[in-house]
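Contents: one structure, followed by commentary.
For ligands, and for the atoms within them, numbers begin at 1 and follow the listed sequence.
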Amino acid sequence: MISFNSKTNSFRLDTPNSTYSIFINERGYIGHAYYGSKIGDDDVSYLTRNKEYGFSDNKIFREKGSFLDFFPQELPTEGLGDFRESALAVCDSEGHNAIELKYKSHKITGGAKALPGLPAVFGGAEDCSVLELTATDDILGAEVTLVYTVFEKLDAIVRSVRIKNNGAKPLYIKKALSLALDLDNDNYDMITLHGSWARERHMERHPVHMGKQGVVSIRGETSHQEHPFVALLDHNADWDSGKVYGMNFIYSGNFVADVQKNQFENIRAVMGINPEGFTWKLENGDVFDTPQAVLVYSDSGLNGMSRTFHDLYREHLIRSPYKKTDRPILINNWEATYFNFDTDKLIDIAREASKDGIEMLVMDDGWFGHRSFDDSSLGDWIVNEEKIKGGLKHLVDEVNKLGMKFGIWFEPEMISPDSDLYRAHPDWAIQIPGREPGMSRAQLVLDITRKEVEDYTYESLAKILRSANIEYVKWDMNRQLTDIGSVNLPADRIGEFYHRYVLAVYRLQERLLTEFPKLLLENCSGGGARFDPGMFFYSPQIWCSDDTDAIERLAIQEGTALIYPLSTMGAHVSVCPNHACGRVTPFKTRGYVALSGTFGYELDITKLPPEERAMIPGQVALYKKFSSLIRNGDYSRIASYRENNEYDCWASISKDKTKALVTFVQVLNHPNYKTRFLKINGLKPESKYRITWPDEKAEDFPAMELFGRTLANAGLPIRRDWGDFRAQLIFIEEI
Ligand code: GLA
């Protein structure tokens with residue numbers, strides 16, 4: 001709910017458990033007064049310390065030069081005295097870098113608003129309301145609108161900023177972040193996600209220190225390395241208690257998220273498009289919309305934050321018709337065959353897989369041009385009939401006859417120098433004239449910001465999809481952007497390239513879903529380098545990591561599930577020794593870990609040891625049984641191997657709290673040690689629950705009955721398993 005109090009000149013943005021308060025001071029500056037647990041309907045403008053004295057005072061209140069460096073602001077700008085991190089920086093056509101925002105007007109409306117060309121949260125008037133706060137810099141002729149989408153049933157506020165040039169001369173935006181949050185320091189810790197290829201989104205927690213700290217990408221995509229997410233939390237906050245502010249960016253390109261602890265020990269967090277390499281020219285009348293950034297407040301620890309993000313994304317960002325329905329259990333041939341496959345091999349895999357209840361065959365990289373390794377043919381999206389004998393339609397029909405769906409891999413944004421496309425259009429690759437563009441995985445990137453390149457890319461994909469009954473696409477992206485240049489852009493617009501590139505990716509995926517509305521799209525980028533909420537708008541699931549090892553996946557899936565629903569995490573069972581790290585784990589553990597994601601297989605089922613093969617129908621049955629609970633339930637982290645160096649544990653709890661599925665993975669066994677008690681929060685305290693091990697013999701794992709209150713406070717005893725990497729699946733149901 002959003003309300004405006006004209007007596008105090010302040011806005012209140014209320015969600016079920018949080019209040020966010022904005023105060024317009026007498027000079028028209030838009031101040032940030034409060035964000036946190038619900039407060040009373042009071043005038044809290046004093047929290048901005050609007051009238052405090054400082055160095056070089058005129059004894060009334062601070063002069064501008066000192067005031068702006070102190071006052072908590074909703075959208076701090078560069079150049080006029082706020083020396084902290086800015087969220088907006090503009091250069092005029094004479095080269096001056098200054099913009100000052102003064103409140104002009106506001107509008108409160110019901111229902112979320114779309115953002116042109118960008119992913120955006122959606123919802124009707126019953127779900128959310130929108131505050132548009134417009135401020136101007138009359139000297140520049142700039143009009144800036146701060147947009148807040150406030151959710152009624154979720155503790156989430158989504159921000160974006162619209163910048164319009166009403167002046168006669170061009171303006172150059174140098175920095176347009178989506179979110180700024182000024183908080184009084186409260187001895188906060190900070191959580192960010194870090195990694196690398198095959199090690200994405202590992203959680204890191206540390207106390208906020210003086211100065212600047214944060215995460216960033218300048219790779220043209222979200223990246224394996226850092227993630228557009230920051231949580232600020234009480235030093236003592238844990239999974240289920242304490243105050244947490246979570247920030248996440250609905251975008252798939254360069255980003256920055258910084259936290260700065262300043263001279264007064266206050267904290268400013270900012271998030272948005274990375275200003276490095278960015279400028280955007282606005283001619284008279286032009287408008288620039290930033291992507292949306294999400295703010296989530298939780299007073300019930302990290303699990304509370306995760307649940308809000310999950311609900312927000314499941315209900316208000318993912319559009320796919322698949323979001324609520326079962327996803328087909330797929331088998332992907334990448335780790336099974338790599339480039340070495342043909343029609344017969346794929347049909348063999350499909351035939352055997354169909355016997356075990358697997359529902360879709362996905363043909364991965366290597367079916368087009370003359371690609372038999374990763375060094376050719378990207379861009380030549382023509383079926384290689386030497387491998388795919390009889391053609392694609394024949395293969396798809398044969399797979400369909402087995403009762404299975406068919407899916408296909410593309411890497412649409414790329415061009416191999418060894419391709420007919422490159423030989424015909426060498427200028428279509430992103431490059432700086434006169435400089436040889438840098439290679440990565442033997443490939444270059446197409447300049448899809450050019451209309452003719454976008455159209456070629458779209459048509460070559462669509463043609464394949466029109467040619468057979470293809471129901472799933474894995475959209476890959478296997479290198480980062482370098483050598484930024486485009487024949488389309490004049491010198492003063494080259495800084496627009498990175499963002500234009502992301503807009504072109506969104507446009508291409510939107511076109512695809514418009515023509516093929518039932519298509520199940522899975523995004524991917526060398527594993528999980530484009531696992532971000534921007535992509536959720538187009539694909540309900542994203543390949544989480546090229547590392548399919550069950551133990552490596554624990555940290556990857558822990559960090560991913562901290563923000564993103566389990567239903568979005570692409571997770572497959574693969575063979576051992578694992579192809580990414582050589583580890584050997586039980587087939588059962590691999591199954592349980594994949595079960596907490598989209599679930600599928602990535603192995604040559606025709607060569608699987610018989611005892612492992614025999615377990616597939618059971619795993620498929622488990623997925624069918626628990627899929628809805630996993631996809632639609634409340635996620636709750638119970639323990640982390642990262643913290644205890646021994647085991648990992650998480651649960652999915654049904655919204656009505658009558659059922660829960662707990663996954664327990666004993667990473668390392670320690671001899672002569674005690675039974676563990678797992679504290680399972682989130683059930684009904686006064687209800688009695690029956691606890692069973694659905695995948696075990698009842699005589700080995702006898703059922704138990706405990707109250708919800710007991711499970712939360714005393715815990716569920718978990719017996720130690722003999723060996724490392726063992727896992728248990730525990731089902732809890734209200735009696
Ligand atoms: C990326 C993907 C893999 C696979 C290969 C194919 O690495 O993440 O799953 O599709 O490309 O080249």
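In terms of modelled atom types and a separation under 3.5 Å, the side chain of Q292 and the main chain of V121 share a donor-acceptor contact.
Summarising the local packing, NZ of K389 is surrounded by more than 12 heavy atoms from other residues, nucleotides or ligands at distances under 6.0 Å.
No side-chain donor-acceptor contact under 3.5 Å links E352 and T606. Counting only N and O atoms by type, the side chains of Y641 and E558 include no donor and acceptor under 3.5 Å apart.
Ring to ring, F410 and W381 are close: their centroids are under 6.0 angstrom apart.
Minimum interatomic distance between D476 and P412 (heavy atoms only, all atoms of both residues): O-CD, 3.8 Å.
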Could you give the N/O to N/O pairs under 3.5 Å linking ligand 1 and the protein, each with its distance?
unit_1, atom_1, unit_2, atom_2, d
ligand 1, 7 (O), D546, OD2, 2.8
ligand 1, 8 (O), G527, N, 2.8
ligand 1, 8 (O), D546, OD1, 2.5
ligand 1, 8 (O), D546, OD2, 3.2
ligand 1, 9 (O), K474, NZ, 2.7
ligand 1, 9 (O), D546, OD1, 3.3
ligand 1, 10 (O), D364, OD1, 2.6
ligand 1, 10 (O), D364, OD2, 3.3
ligand 1, 10 (O), W409, NE1, 3.0
ligand 1, 10 (O), K474, NZ, 3.0
ligand 1, 10 (O), D476, OD2, 3.3
ligand 1, 11 (O), D476, OD2, 2.9
ligand 1, 11 (O), N478, ND2, 3.1
ligand 1, 12 (O), D365, OD2, 2.6
ligand 1, 12 (O), R441, NH1, 2.9
ligand 1, 12 (O), R441, NH2, 3.0

